[in-house]
Amino acid sequence: MNDVLDFVSVRLDDDNSELIILDQSKLPNELIYHHYHTKEEIFKAITGLEVRGAPAIGIAAAYGLYLDAKKQEDLKSEEFMANFKRTKDYLASSRPTAVNLFWALNRMERCLFDHKEKSVVEIIDLLRIESENIRSEDEAVCYSIGEHALTLLKPKMGLLTHCNAGTLATAKYGTALAPMYLGHKRGYDFRVYADETRPLLQGARLTAWELHEAGIDVTLICDNMASIVMKKGLIDAVLVGCDRVAANGDTANKIGTSGVAILAKRYGIPFYVCAPMSTLDISRSCGDDIEIELRKGEEITTTWYQKPMAPSGVKTYNPAFDVTDADLITAIITEKGIVYPPYDLNIKRLFEGGQ
Ligand code: MRU
């Protein structure tokens with residue numbers, strides 16, 4: 001059997017000419033890899049959640065920008081730059097909330113600007129290297145988040161997680177799931193509770209699948225069962241990922257996360273956000289400044305059901321993310337270390353090089 005950590009959710013093929021995406025919208029029933037060549041295909045893969053999870057979206061977009069640049073090697077420098085900018089803006093419009101998308105695209109653009117004196121062919125190769133760096137650095141970042149998070153946990157603990165912040169959502173290991181994988185290898189015997197995560201079931205389809213494949217003790221619960229497992233004393237810590245953390249620590253993550261944080265506070269359970277530095281966005285002062293993606297109502301009424309499970313024409317409201325207020329967060333775990341309140345001060349210090 002394959003180790004689940006060997007499944008790569010997004011990567012370039014051996015010729016560096018196509019993007020291979022493990023289609024997360026089909027899991028756990030089908031393990032399908034798509035081979036994409038064009039920016040339109042990659043845009044559709046992001047909006048359609050074939051590739052999802054903040055870091056994986058950023059990696060896919062960076063590869064998309066490289067693959068599109070590669071097709072333009074006959075263009076003169078000025079036209080090449082103009083096309084790059086158009087493709088960057090196009091990919092950036094795929095999803096609004098996860099800042100890693102913009103972070104990765106900006107990093108690719110910086111690479112272009114830093115080498116603008118070079119030939120188009122040389123620039124294309126540098127873009128390939130930069131996109132590969134974004135992927136490989138994410139793997140190291142996730143490993144480091146896992147190590148830091150593990151210092152907060154003890155063997156046999158009960159852990160609750162929401163959505164999927166696992167290996168599928170990143171280059172490898174995940175963010176919130178990284179300590180579970182590292183702990184598993186070291187005999188920690190965690191008991192993990194995975195919220196199913198309505199409406200798109202990332203917790204059931206992806207988190208429960210990943211952890212189950214890895215042989216980790218995982219129990220799937222509906223979102224509205226988080227309170228009972230907490231009250232029964234089954235949960236010692238909550239670990240979640242994030243899509244964007246504002247300068248004051250307010251954190252956007254999958255819809256339902258803020259409710260879990262409120263419950264955790266009620267029951268005195270630590271609530272940890274696992275965040276790569278690429279997810280911290282100090283240009284947003286607080287959660288109100290974070291754009292929340294609204295998705296189609298059919299995701300609530302119809303998707304996953306054989307028949308519609310709501311009256312035809314009923315109004316729906318389907319925000320894909322919510323913001324957890326900073327005062328509900330016990331700590332933010334980054335690759336550089338663990339950040340405690342006051343977040344405004346300590347996140348700033350982190351960017352200035354302190355821990
Ligand atoms: O809509 P999704 O599935 O892309 O949302 C993903 C999440 O909210 C994850 O929890 C977050 O991106 C962290 S992934 C390490």
Side-chain angles (χ1 to χ4, degrees), residues 9-10 21-27 45-61 94-104 135 138-139 141-146 149 160-181 194-207 209-211 223 238-245 251-261 271-281 287 290-296 299-300 303 318-324 329 332-335:
S9 53
V10 51
I21 283 175
L22 170 56
D23 187 343
Q24 297 188 47
S25 71
K26 299 285 189 297
L27 285 171
I46 296 174
T47 54
L49 308 183
E50 291 175 15
V51 57
R52 49 133 314 269
I57 293 170
I59 296 165
S94 55
R95 294 191 77 188
T97 306
V99 71
N100 305 60
L101 170 66
F102 311 98
W103 171 87
R135 201 211 67 80
D138 186 60
E139 183 174 328
V141 160
C142 289
Y143 191 89
S144 176
I145 288 174
L160 185 135
T161 190
H162 190 76
C163 193
N164 173 264
T167 199
L168 291 165
T170 62
K172 193 168 180 171
Y173 304 110
T175 55
L177 301 197
M180 300 173 193
Y181 285 119
D195 284 349
E196 65 171 350
T197 316
R198 283 274 291 148
L200 291 179
L201 306 183
Q202 289 93 332
R205 295 186 304 102
L206 308 175
T207 297
W209 177 77
E210 276 194 44
L211 297 179
D223 297 331
V238 177
L239 291 153
V240 294
C242 54
D243 290 81
R244 199 185 290 241
V245 180
T251 293
N253 190 48
K254 180 51 56 192
I255 190 73
T257 303
S258 69
V260 176
F271 183 92
Y272 299 120
V273 169
C274 298
M277 291 296 291
S278 55
T279 311
L280 304 188
D281 181 4
I290 299 175
E291 185 181 342
I292 299 295
E293 177 182 11
L294 287 177
R295 294 184 63 91
K296 288 190 191 141
E299 291 180 349
I300 303 177
T303 312
N318 185 16
F321 302 93
D322 61 22
V323 172
T324 300
I329 299 170
I332 299 174
I333 306 167
T334 76
E335 68 272 29

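All residue numbers refer to positions in the sequence shown, counting from 1. In each ligand, atom 1 is the first atom listed, and ligand 1 is the first ligand listed. This structure is a prediction, so every number in the text was calculated from the model and none was measured.
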Item to complete: Using side-chain contact (heavy atoms from CB on, under 4.5 Å) as the criterion, point out the one residue from I333, T161, I332 that pairs with Y272.
Response: I333

Discussion item. Which residue in the set L200, D195, L201 passes side-chain contact (heavy atoms from CB on, under 4.5 Å) when paired with R198?
Written reply: L201

Worksheet item: Is the backbone N or O of C163 less than 3.5 Å from a side-chain atom of T207, with the two atoms forming a donor-acceptor pair by type?
Response: yes

Worksheet item: Just by modelled atom types, is the T170 backbone N or O under 3.5 Å from a matching donor or acceptor in the D138 side chain?
Response: no

Worksheet, complete the sentence: Of R205, Q24, R52, K254, the one forming a side chain to side chain donor-acceptor pair (under 3.5 Å) with N164 is R52

Could you go through ligand 1 and list every pair where one of its N or O atoms sits under 3.5 Å from a protein N or O, giving the atom names and the distance to one decimal?
| from | atom 1 | to | atom 2 | distance (Å) |
| --- | --- | --- | --- | --- |
| ligand 1 | 1 (O) | R95 | NH1 | 3.4 |
| ligand 1 | 1 (O) | R95 | NH2 | 2.7 |
| ligand 1 | 1 (O) | K254 | NZ | 2.7 |
| ligand 1 | 3 (O) | R52 | NE | 2.5 |
| ligand 1 | 3 (O) | R52 | NH2 | 3.4 |
| ligand 1 | 3 (O) | Q202 | NE2 | 2.9 |
| ligand 1 | 4 (O) | G53 | N | 3.0 |
| ligand 1 | 4 (O) | R95 | NH1 | 2.8 |
| ligand 1 | 8 (O) | D243 | OD1 | 2.7 |
| ligand 1 | 8 (O) | N253 | OD1 | 3.2 |
| ligand 1 | 8 (O) | K254 | N | 3.2 |
| ligand 1 | 10 (O) | N253 | OD1 | 2.7 |
| ligand 1 | 12 (O) | A54 | N | 2.9 |
| ligand 1 | 12 (O) | D243 | OD1 | 3.3 |
| ligand 1 | 12 (O) | D243 | OD2 | 2.9 |

Give the table of side-chain donor-acceptor pairs shorter than 3.5 Å for residues 172-179, with sequence neighbours excluded, one pair per line with atom names and distance.
none

